[in-house]
Amino acid sequence: MKNQEIAKIFNEIADLLEIKGENPFRIRAYRKAAQNIEGLPKSIEDITTEEILKVPGIGQDLAGKIEEYLKTGRIKAHEELKQEIPEGLLTLLSVPGIGPKTSKMLYEKLKIKNIAELEKLASEHKLIGLPGIKEKTEENILKGIEMLKRGRERHPIGRVLPIANDIVEHLRKNAPVDKIDLAGSLRRCKDTIKDIDILVTSDNPKEVMRVFVHLPHVKDILMQGTTKSTVIIHEDIQVDLRVVEKDSYGAALAYFTGSKAHNIRLREMAMKKGLKINEYGIFRERDEKKIGGEKEDDVYKILGLPYIPPELREDQGEIGAAQEGRLPNLITLEDIKGDLHVHSKWSDGSHTFEQLIEAAKKLGYSYIAITDHSKGLGIARGLTEDRLLEQKKEIDAINKKLKGFKIIHGVEVDIRSDGSLDISDDVLKELDIVVASIHSGFKQSKKQLTHRLSSAIKNPYVSIIAHPTGRLIGERDAYDIDMEEIFSIAKKTKTAIEINAYPLRLDINDTYAKRAKELGIPIVIATDTHIINQFGYMRYGVSIARRGWLGKDDVLNTLDVDKLLKRLKPFK
DNA sequence: GCCGTTTTCGGCCCGACTGTTTTCAGTCG
């Protein structure tokens with residue numbers, strides 16, 4: 001998608017301007033525009049110039065640069081800046097702790113052009129004596145290079161949240177904390193997390209910090225102050241802890257939950273009302289009097305807004321929606337009545353129907369769909385037509401004995417490389433539902449892949465498309481498909497799209513979920529469970545749905561089973 | 001470079017920590 005390419009260039013322009021020491025607001029304008037372009041749910045190529053101008057943070061000039069890029073594949077101003085500033089300076093910027101000033105100075109004084117050179121000179125103590133650099137700074141530069149090598153990549157939320165919760169528990173038990181909450185992108189439930197933000201109140205902040213930096217999780221202490229400390233844990237994730245006063249807790253929670261763009265919008269609104277918002281509270285400009293901040297809701301109330309749930313705080317229209325009273329009533333985990341993508345021992349799952357039923361009942365579900373793999377997926381012991389019919393008999397028998405619970409009989413049928421399905425229509429029509437998905441041939445062209453998915457969607461028996469983009473967070477990118485095309489056919493045929501809740505998938509993602517809702521496409525949230533504890537992944541799927549502005553009514557598996565089957569193709 | 005129910009000019013969010021400084025610049029979130 002061109003959106004990412006343009007965002008990347010704008011960010012690079014911002015970096016270059018920063019090195020040049022340009023007007024900081026101009027730099028911010030580029031970064032803001034980059035962020036907004038990246039968050040667009042549509043490809044920027046499909047948007048008219050007037051619409052581009054409506055994107056916040058994009059005016060005449062940047063719209064022109066976007067057009068220039070789409071037309072010529074480059075932006076002249078960007079090329080010129082690159083001529084002016086050596087490539088190496090940008091690379092140095094990527095080292096944590098090195099900003100534009102240091103980067104420029106290193107280049108000018110020692111002609112350092114890349115990180116390898118920097119590392120060599122630093123380890124030979126050749127940096128000491130440069131302006132503002134002594135032993136400690138040199139040490140920190142080497143540390144920064146180490147961190148960069150380990151990668152500062154984002155981690156899937158499913159991996160980070162359990163660790164974060166464990167740290168919170170440790171602090172609760174061993175440190176004198178009163179209130180304690182996770183903040184940041186973790187609280188906003190982004191699909192990937194860069195670092196863990198924790199906020200607490202305490203009568204003894206110093207002791208909290210002491211306990212924090214000595215937690216068994218901690219590998220390295222980056223900074224330790226009285227109100228703020230930062231550590232790296234063994235999983236190479238950064239953890240920030242902030243301690244604030246009780247009467248500032250709400251303001252601090254809002255502030256550290258972000259997103260940054262959302263906060264800036266709130267502060268701008270506050271300014272216009274003669275107010276000032278920071279992490280300590282809400283203040284009246286004229287006399288500095290504090291008028292709120294103990295509760296998070298204060299921040300919104302004082303601006304005349306309803307409470308905005310953390311998942312929506314991305315500056316993607318939520319503030320406007322709040323002003324106009326049209327914030328969605330978001331779906332919750334409790335709304336989910338059953339899981340529609342579950343594997344059993346019949347294919348590559350680990351449990352019998354009985355075990356799965358028992359686990360599902362414990363979660364308060366009233367149904368699950370058994371959707372074992374089809375024969376094309378040999379590695380997963382996929383089922384043949386005969387085995388599927390055999391499975392149907394067994395499930396029918398079990399259903400007769402069940403009260404207040406139902407097994408929906410389905411299959412996860414493989415979409416072959418030519419777009420045909422791995423199980424014949426004669427057998428598919430015997431099933432309650434059919435989940436279809438791609439498991440191979442990810443490298444096909446956009447046209448081929450789009451054709452495969454649309455062929456499956458057009459099949460009269462296919463109820464749901466599972467993990468439609470095939471991404472595995474941190475391992476495999478989404479495959480190249482024309483999502484607008486897929487959505488438009490799904491809408492026509494009333495085929496449901498899955499939010500796969502498996503933490504590495506989270507597929508479709510929040511942006512697509514929001515788009516799907518706008519188009520009125522039915523959505524299901526399902527876990528792809530292979531072992532019963534994976535039923536718990538549902539929470540991540542619900543988070544994606546919430547981030548996509550989905551309400552209970554937008555998600556089919558909030559319905560009772562009878563209504564559900566009437567709404568799922570082929571509408572039984 | 002963007003933006004406007006005070007404005008088409010003059011604003012633009014705000015604070016903590018570190019290391020190197022004698023009062024603050026740089027970096028980060």
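Residue numbering restarts at 1 for every chain, and letters A, B, ... go by the order of the sequence lines. Atoms considered below: every heavy atom in the structure, side chains included; atoms not considered: hydrogens, waters and symmetry mates.
Distances shown here put every side-chain N or O of A:Thr230 at or beyond 4.0 Å from the OP1 or OP2 atom of B:dC17. At B:dA16, one or more side-chain N or O atoms of A:Tyr280 fall inside 4.0 Å of OP1 or OP2 (strictly under the cut-off). The side chain of A:Asn278 places an N or O atom within less than 4.0 Å of a non-bridging phosphate oxygen (OP1 or OP2) of B:dG15. For B:dT20, one of the phosphate oxygens OP1 or OP2 lies less than 4.0 angstrom from a side-chain nitrogen or oxygen of A:Thr137. For B:dT27, one of the phosphate oxygens OP1 or OP2 lies less than 4.0 angstrom from a side-chain nitrogen or oxygen of A:Thr102. One finds no side-chain N or O of A:Arg267 lying less than 4.0 angstrom from the OP1 or OP2 phosphate oxygen of B:dC13. When the side-chain nitrogen and oxygen atoms of A:Lys134 are compared with OP1 and OP2 of B:dT21, one or more of them lie within a distance under 4.0 Å. Remark: A:Lys65 is in phosphate contact with B:dG1, judged by side-chain N or O atoms under 4.0 Å from OP1 or OP2.
Across all strands shown, A:Tyr30 has heavy atoms under 4.0 Å from sugar-phosphate atoms exclusively, and none from any base. Contact annotation for A:Leu266: no contact, since no heavy-atom pair falls under 4.0 Å across all strands. Within the 4.0 angstrom heavy-atom criterion, only backbone atoms of the sugar-phosphate kind lie near A:Thr226; the bases stay farther away. A:Arg28 comes within 4.0 angstrom of a base, heavy atoms only. At the heavy-atom level, A:Asn140 lies under 4.0 Å from the strands shown only through sugar-phosphate atoms. The residue A:Pro100 sits close only to the backbone: its heavy atoms come under 4.0 Å of sugar-phosphate atoms, none of a base. Within the nucleic acid shown, A:Lys32 has no heavy atom closer than 4.0 Å to any nucleic acid atom.
The residue among A:Gly225 and A:Asn263 whose nearest nucleotide of DNA chain B lies closer to the 5′ end is A:Asn263.
A:Asp507 contributes a side-chain N or O that, together with a main-chain N or O of A:Gly470, makes up a donor-acceptor pair within less than 3.5 Å.
In this pair, A:His262 and A:Tyr300 present their aromatic rings tilted. The plane angle is within the 30 to 60° band.
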